[in-house]
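Worksheet for the structure shown next.
All values reported here derive from a predicted model rather than from experimental measurement.
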Amino acid sequence: MTAAPDPLPELVRNVHPRVVERRRDFHRHPELAYQEVRTSAAVREWCEALGLETRTGVGKTGVIATLRGSKPGRRVALRADMDALPIQEANACEYASERPGVMHACGHDAHTAMLLGVASVLCAARERVAGEVRFLFQPAEEGQGGAVPLIEAGALEGVDLVLGQHMGPEHPTGTIALSYGPAMAAADFFTLKVIGKGGHGAYPHLTVDPVPVAAQLVLALQTIVARAVDPLAAAVLSIGTIRGGFRDNVIAPEVELAGTVRTLDPALRREIPERIERIARGVTAAHGARHELEYQLQYPPLINHDPATRLVERVGRELLGEGGVKVIAPSMGGEDFAFYLEKVPGCFYWLGCRPPGRAEAANLHSPTFDVDEAALAHGVHVMARAALSFLEGGAP
């Protein structure tokens, strides 16, 4: 008996021009975290036109749309983030941002458009859907943790698998890249205030100058990664800003350091704040100063589940060929998709979007970032096929 032809390739080809059109519209009209009003309205309109059960205003500006298949089965959630960045676009393309100082520099316009394409493809193939597909259009990924209010609103209730993808300009179009286990780092932040005693620059002996104390702290904190962390355990501690002082002949009363810490191991993540505290206490006390440390645990490490990652890898090789999937080392960047993976098994992977023939492309968060729009078809196909495969009984 001859198997029925696979409808997905043609469905993907048919929806691709609409996905490109929608992505360009989102790119022209970027919206910052929790301001994605226009974007959410466009998402709602698309989903309602497909006949999906649609909830709006989830987690303030999020949208959750649900496709119920032709027969009972498992539930899979597919996520796209919608927010832009406060960056002035430097591209001169016809779809460049029309909002001064705001730009889709991380590909969230493409993520949202592709998930709309996936919804269209799976709706058209509804007779093959056994179970339920939940489409999560999430606000505020860029530092605001918009995944959390969606989870609190029930986005993952009853879900058996969650998948997410992200544009990867370091990878060529026609490929995906993924990691088993830890895939992205915990992204935490701190401010460390050095409090001394200000005064005249000509009489330093009458002050407690926080500037040299802060300078020593910058160097001393580097010993946490260099000497207190297992060399085989990835960690980053970076000081991003140093603020303090009024003018050249005034010794400031305080200086503030601000930085980020990235870790892949949850146990190591818990240890770092105390190590910063211990060093800060010792260095400031040695100089007669004191300190105040504020430490913010933001995004946890993003840890892919092996069975889900194997599913995505298998689907990627089937659709893109053996050379179309790369298994890569973890990134020290952070992603709030990690919150979903703390609750439900799943996989987060990179979608190559570097144009053919180019050795490199503009990085994420760059004012010249853009994507090869041919990659959007691959993104729709891989995600739709992975979801369908899971619902048809594929691992996990």
Side-chain angles (χ1 to χ4, degrees), residues 7-8 10-70 75-84 95 97-99 104 106-129 132-141 146 150 153 155 162-167 351 371 373-388:
L8 259 62
E10 183 177 0
L11 292 171
V12 171
R13 282 194 297 272
N14 290 342
V15 81
H16 181 236
R18 293 182 62 210
V19 170
V20 171
E21 179 184 21
R22 179 50 59 192
R23 180 259 165 172
R24 292 186 174 194
D25 179 71
F26 290 150
H27 197 90
R28 287 190 189 96
H29 305 282
E31 296 173 304
L32 297 173
Y34 293 123
Q35 299 175 25
E36 308 94 333
V37 176
R38 184 184 184 279
T39 304
S40 295
V43 167
R44 183 198 69 239
E45 181 181 358
W46 184 300
C47 292
E48 289 180 345
L50 292 173
L52 297 175
E53 300 175 22
T54 305
R55 293 173 57 195
T56 60
V58 185
K60 193 171 182 180
T61 49
V63 179
I64 298 178
T66 301
L67 166 64
R68 302 191 191 280
S70 59
R75 291 186 179 92
V76 59
L78 310 176
R79 176 270 210 166
D81 37 14
M82 301 187 293
D83 56 323
Y95 49 86
S97 171
E98 296 178 4
R99 292 195 62 194
H104 271 296
C106 201
H108 296 189
D109 52 339
H111 302 166
T112 303
M114 286 189 296
L115 191 55
L116 291 173
V118 173
S120 293
V121 166
L122 293 180
C123 283
R126 183 176 179 276
E127 72 282 354
R128 298 187 57 179
V129 177
E132 179 182 305
V133 185
R134 199 170 293 168
F135 304 96
L136 311 180
F137 296 92
Q138 178 204 304
E141 188 280 327
L150 253 67
V162 61
L163 299 176
Q165 61 183 346
H166 199 294
M167 307 311 293
L351 177 68
V371 304
E373 291 175 329
L376 305 185
H378 299 302
V380 171
H381 203 177
V382 170
M383 182 168 272
R385 170 64 66 202
L388 197 57

- Query: Is there a side chain to side chain contact (heavy atoms under 4.5 Å, CB included) between Met114 and Met383 once you walk through the steps?
  - Reply: CA-CA 9 Å; Met114 286 189 296; Met383 182 168 272; over 6 Å; no
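- Taken to the nearest 0.5 Å, the OG atom of Ser120 stands 11.0 Å off from the CZ atom of Arg22.
- Under a cutoff of 6.0 Å and an axis angle of 45°, Arg28 and Phe26 do not form a cation-pi pair.
- The backbone N or O of Ser70 lies less than 3.5 Å from no partner atom in the side chain of Glu127, so there is not a single donor-acceptor pair.
- With respect to Arg23 and Asp25, no salt bridge is recorded, no charged nitrogen being found less than 4.0 Å from a carboxylate O.
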- Message: Before you tell me yes or no, could you show the steps for His381 and His378 under ring-ring contact (aromatic ring centres under 6.0 Å, His included), namely the whole-Å CA-CA distance, both residues' side-chain angles and the distance that decides it to 0.1 Å?
- Response: CA-CA 5 Å; His381 203 177; His378 299 302; 8.3 Å; no
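- The CE atom of Met167 sits 4.5 Å away from atom CG of Leu351, with the distance rounded to the nearest 0.5 Å.
- Few gaps surround CD on Glu48; more than 12 heavy atoms of other groups in view lie less than 6.0 Å from it.
- Distance check: Arg13 CZ to Leu8 CG gives 10.5 Å after rounding to the nearest 0.5 Å.
- Closest of all the heavy-atom pairs between Ala384 and Leu122 is O-CD2, 3.9 Å.
- The two residues Val129 and Leu388 come nearest to each other via the heavy atoms CG2-CD1, 4.0 Å.
- Note that the CZ atom of Arg38 and the CE atom of Met82 stand 13.0 Å from one another [nearest 0.5 Å].
- The two residues Leu136 and Ala155 have their closest heavy-atom pair at CD2-CB, 3.9 Å.
- The backbone N or O of Thr39 sits nowhere less than 3.5 Å from a side-chain atom of His29 that would complete a donor-acceptor pair.
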For residues 56-68, which side-chain donor-acceptor pairs fall under 3.5 Å, sequence neighbours excluded?
from  : atom 1 : to     : atom 2 : distance (Å)
Thr61 : OG1    : Glu36  : OE1    : 2.6
Arg68 : NE     : Glu53  : OE1    : 3.4
Arg68 : NE     : Glu53  : OE2    : 2.6
Arg68 : NH1    : Glu132 : OE1    : 2.6
Arg68 : NH2    : Glu53  : OE1    : 2.9

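- Rounding to the nearest 0.5 Å gives a distance of 7.5 Å between CZ of Phe135 and SG of Cys47.
- Rounded to the nearest 0.5 Å, atoms NE2 (His104) and OG (Ser97) are 8.5 Å apart.
- The residues Glu31 and Arg99 are annotated as not salt-bridged, no charged nitrogen and carboxylate oxygen being separated by less than 4.0 angstrom.
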